[in-house]
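Here the structure is laid out as structure tokens; the discussion comes afterwards.
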Amino acid sequence: GERNYSCFSSSDFYSSLGLEDFLSVGDISGTEEDTDSAILYGTLRGSVVGLRYYTGIVNNNEMVALQRDPNNPYDKNAVRVNNVNGDQVGHIKKELAAALAGIMDSKLAVVEGVVPYGAKNVFTMPVQMSFWGREENREAVLDQLKRHGFKLSPPLKVGSESRFGSKWISGRAGPSYSAPVHAAVQLTTEQLKSEFDKLFEDLKEDDKTCEMEGAETVGTLLLPHQKQALAWMVSRENSNDLPPFWEERSDFYYNILTNFAEKKRPENIRGGILADDMGLVIILIQSLNFCLCRMCVHVSYWFIIWFILICGKYYTLFCYAGKYSDDGSRATLIVCPLSVLSNWMDQFEQHIHQDFNVNIYVYYGSDRSKDPSVLSEQDIVLTTYNILATDYGIRGGSPLHKVKWLRIVLDEGHTIRNPNAQQTKAVLNLEGQRRWVLTGTPIQNSVKDLWSLISFLKMKPFTDREWWHRTIQRPVTTGTPGGLGRLQSLIRSITLRRTKTSKVKGKPVLELPERKVLIQHVTLTEEERQVYQSVKEEGKAAISRFFSEGTVLAHYADILGVLLRLRQLCCHPHLCVNTSSSFSYLSVSADNKTPEELRETLVKKMKLVLSSGSDEECAVCLESLTVPVITRCAHVFCKPCIFEVIRSEQPNAKCPLCRNKLRVEHLVECPPEEEIDSSNGKKSDQEWISSSKVNALMHALIELRRDSPNAKCLVVSQFTTFLSLIENPLKESGFAFTRLDGSMAQKKRVEAIQCFQSSQAGSPTVMLLSLKAGGVGLNLTAASRVFLMDPAWNPAAEDQCFDRCHRLGQKHDVVITKFIVKDSVEENMMKIQNKKRKLAAGAFATKKPSASEVNQTKINEIKALIDL
DNA sequence: ACCGCCGGGTGCC
DNA sequence: ACCGCCGGGTGCC
């Protein structure tokens with residue numbers, strides 16, 4: 001989970017202020033993406049005609065999909081009616097289709113159908129339609145219908161959602177007039193985990209405790225929970241259970257969510273989600289080779305089991321040896337983020353016995369084979385999401401997509417949470433029956449995140465987003481009774497999850513040392529205070545002006561800029577690049593600037609964004625910015641992402657973050673590296689001075705060295721330039737230190753980590769760490785102390801950072817010190833963080849406050865941050 | 001479709 | 001009869 005907590009266009013920051021609705025973060029392509037905030041306008045009864053021309057059949061109360069059919073030679077207004085399987089059932093009667101066509105084409109509303117009496121119709125059948133859309137489109141929709149002589153009925157009882165008396169449904173469901181619901185508050189990592197764990201609350205302990213039988217030889221080498229995991233995985237790959245929500249009914253298979261039925265048995269889900277808390281599955285690595293050999297003797301005719309340790313996480317993979325799967329496939333494909341690719345390679349190298357004759361191919365780099373048969377002859381093919389996505393587009397097709405895989409494993413599977421990302425599409429189009437997802441956080445922000453994973457697992461009917469949305473996502477987000485229950489049973493049936501507090505056979509799975517968080521207040525010197533105060537007053541004046549003008553949101557990036565400067569000044573005066581105390585750059589009005597001035601202003605802003613934290617996220621692809629460009633409204637995106645937005649929304653493209661007009665010719669690219677780095681260069685010329693915060697840190701470090709000379713610590717900041725500044729006093733005081741930040745090449749990172757983790761005398765005792773460097777997997781357990789130099793917007797980001805040393809393998813209690821400047825924006829950030837932690841409890845799947853409440857909260861937060 | 005609709009055949013009682 | 005009525009042909013979009 002890459003999180004983002006830096007300034008400006010950071011989507012996390014928006015959500016941390018509860019602004020994401022207003023700014024439509026993540027809602028960039030119209031109705032389809034925005035089905036969450038849709039409300040039900042009403043329902044309408046219509047008829048489906050032409051049944052006898054099609055093979056698709058439907059049951060009573062079955063959900064149907066309405067699909068525009070603009071190329072129909074008989075009627076350009078045609079609307080097809082398909083059953084859950086996608087087979088056409090008929091058409092909407094033409095008079096009604098004429099009314100629907102406009103509404104559907106302009107995406108004013110989403111129209112969903114349920115067939116109340118679907119069975120036994122020969123020529124026509126009724127259909128109950130629900131119209132969903134944004135509040136502001138309601139009138140337009142009602143109007144269009146009226147013009148064709150139709151009128152919506154209030155949504156009293158509709159469709160199959162309300163009818164099936166199954167165990168998943170408690171009481172009545174169905175459309176309601178509920179307000180749009182989003183997760184209003186950003187959860188911290190811990191809260192997310194605990195919200196996710198609530199899904200498992202009623203899971204009986206013994207549900208998954210059956211250990212694998214017939215593997216006694218393995219048994220002596222495995223701990224109970226490992227045996228449990230092994231048994232679960234084996235059973236998942238071989239089980240004949242029906243997928244969730246399917247029942248066998250007198251030689252039909254029946255889906256109780258959609259009421260769809262068919263003769264063909266829905267395919268088993270051969271795989272699942274391994275969402276074990278990081279580092280929970282423990283095994284003695286030393287015995288691994290031995291373990292493999294033992295198994296080779298005893299079970300090799302059947303399969304070999306590989307235990308693979310990745311950054312403290314253990315996963316079990318299976319690979320059929322000798323006898324491959326029934327369809328002749330042999331190779332297991334492992335897809336992972338680039339940052340963990342080397343981990344996998346190292347682990348294979350270290351732990352797979354040479355005698356074992358395992359073929360591993362790393363499909364990465366320019367010399368990767370274009371020949372699919374080379375890949376299919378391997379036992380394991382390793383690749384990254386990016387390679388997969390890049391290859392997917394090439395002419396002639398990607399070799400990865402031509403192989404029928406024995407097994408596909410997604411490491412850090414939440415990488416594909418964005419359904420529109422190229423990576424996701426590339427992953428979803430892979431071939432292979434057995435599918436596994438490894439991730440610590442299957443749900444990162446909302447239930448939405450799950451769709452890609454569920455779809456990857458080929459779970460019928462959720463592979464189609466419409467059915468996922470109608471049967472799970474909407475019921476959960478609107479709080480429909482039974483909705484959460486469905487999600488629970490769905491996730492439980494495919495997920496293995498044990499947490500720090502889980503027990504197997506009554507014994508806790510893991511005991512971690514304690515973790516303490518201390519807040520140390522820092523008082524600025526007279527001089528520092530003066531600078532801070534003057535910048536603050538100036539910023540405050542500008543922001544109050546925005547308030548009085550009512551342009552707070554239009555100037556959002558500027559407000560973040562003011563706050564960034566204040567945060568920087570809390571750390572060190574030299575962090576503020578443009579210390580000229582003028583905020584003239586605050587208003588980017590095109591009118592009174594020459595094009596060149598405008599460009600310069602935008603470049604300045606973009607530099608500010610890029611230097612504000614470490615890697616920035618693009619609000620379109622949710623990945624870190626590759627080729628950053630800035631819009632005239634001062635929001636930063638990847639160049640290809642924003643081009644795609646403009647292309648697809650022609651001719652009236654709007655900024656995904658603020659809905660201002662976008663034009664390609666107004667986009668400004670980031671100037672070459674040196675320009676950005678010039679500020680760093682300048683800094684080294686500047687005479688080095690200390691700051692109150694640096695003094696506080698050095699005092700603590702020296703004290704620590706005196707009291708426990710062997711203790712190692714992390715010094716964490718969001719500002720890499722701050723880390724550079726800290727290097728000076730560290731050298732002066734004779735500390736051996738190393739450094740890890742986002743800009744370092746993979747090889748250097750590994751070196752830095754190994755060096756720091758080493759227990760050799762003279763190895764570094766301090767690591768300078770940028771807050772979001774490295775993936776979740778980063779293991780820095782050598783450190784037992786953490787000094788957090790500056791608070792993050794998102795408390796989750798801090799927690800994740802702390803988890804890098806407070807994790808499996810940590811032998812000592814972990815003490816975390818947060819330096820917070822008294823009477824500053826930092827204190828205010830802490831207050832908001834605390835409020836959010838409280839607010840977030842139970843925020844998952846519950847309704848959020850009204851729009852006006854949210855609005856008020858967000859305004860209060862800005863005010864609180866700058867003491868207005 | 002055991003309908004509706006169309007259009008041709010038909011035409012006092 | 002430029003009607004009504006009858007009954008056969010016919011049938012999504």
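Chain identifiers are assigned alphabetically (A, B, ...) following the order of the sequence lines, protein sequences preceding nucleic acid strands; residue numbering begins at 1 within each chain.
- Applying the side chain to side chain contact (heavy atoms under 4.5 Å, CB included) test between A:V84 and each of A:T258, A:N59, A:T471 identifies A:T258 as the sole match.
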Could you list, one pair per line, each protein nitrogen or oxygen that sits under 3.5 Å from a nitrogen or oxygen of nucleotides 10-13 of chain C, together with the distance?
residue: C:dC12; atom: OP1; partner: A:Y53; partner atom: OH; Å: 3.4
residue: C:dC12; atom: OP2; partner: A:Y53; partner atom: OH; Å: 2.4
residue: C:dC12; atom: O4'; partner: A:G50; partner atom: N; Å: 3.3
residue: C:dC12; atom: O2; partner: A:H91; partner atom: ND1; Å: 2.8
residue: C:dC12; atom: N3; partner: A:Y54; partner atom: OH; Å: 2.9
residue: C:dC13; atom: OP1; partner: A:K94; partner atom: N; Å: 3.0
residue: C:dC13; atom: O3'; partner: A:D75; partner atom: OD2; Å: 2.5
residue: C:dC13; atom: O2; partner: A:N72; partner atom: ND2; Å: 3.1

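- A side chain to side chain contact (heavy atoms under 4.5 Å, CB included) with A:P116 holds for exactly one of A:R45, A:E62, A:M125; it is A:R45.
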Atom pairs, N/O to N/O, protein against nucleotides 2-6 of chain B, distance under 3.5 Å?
none

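- Between A:V335 and the options A:N386, A:I387, A:L410, A:V381, a side chain to side chain contact (heavy atoms under 4.5 Å, CB included) holds for only A:L410.
- Residues meeting the ring pair (Phe, Tyr, Trp, His ring centres under 6.0 Å) test with A:Y54, sequence neighbours left out: A:H91.
- One finds no salt bridge joining A:K264 and A:E262 here, because no Lys/Arg side-chain nitrogen approaches an Asp/Glu carboxylate oxygen to under 4.0 Å.
- Remark: the separation of the C1' atoms in B:dA1 and B:dC6 is 15 Å, to the nearest Å.
- Here A:R470 pairs with A:E112 in a salt bridge; the nearest charged N to carboxylate O distance falls below 4.0 Å.
- If you check C:dC2 for Watson-Crick or wobble pairing at under 3.5 angstrom, you find it has no partner at all.
- Remark: side-chain polar atoms of A:R435 are not paired, donor with acceptor, to backbone N or O of A:R407 under 3.5 angstrom.
- Residues A:V447 and A:W468 have side chains in contact (heavy-atom distance under 4.5 Å, counting atoms from C-beta outward).
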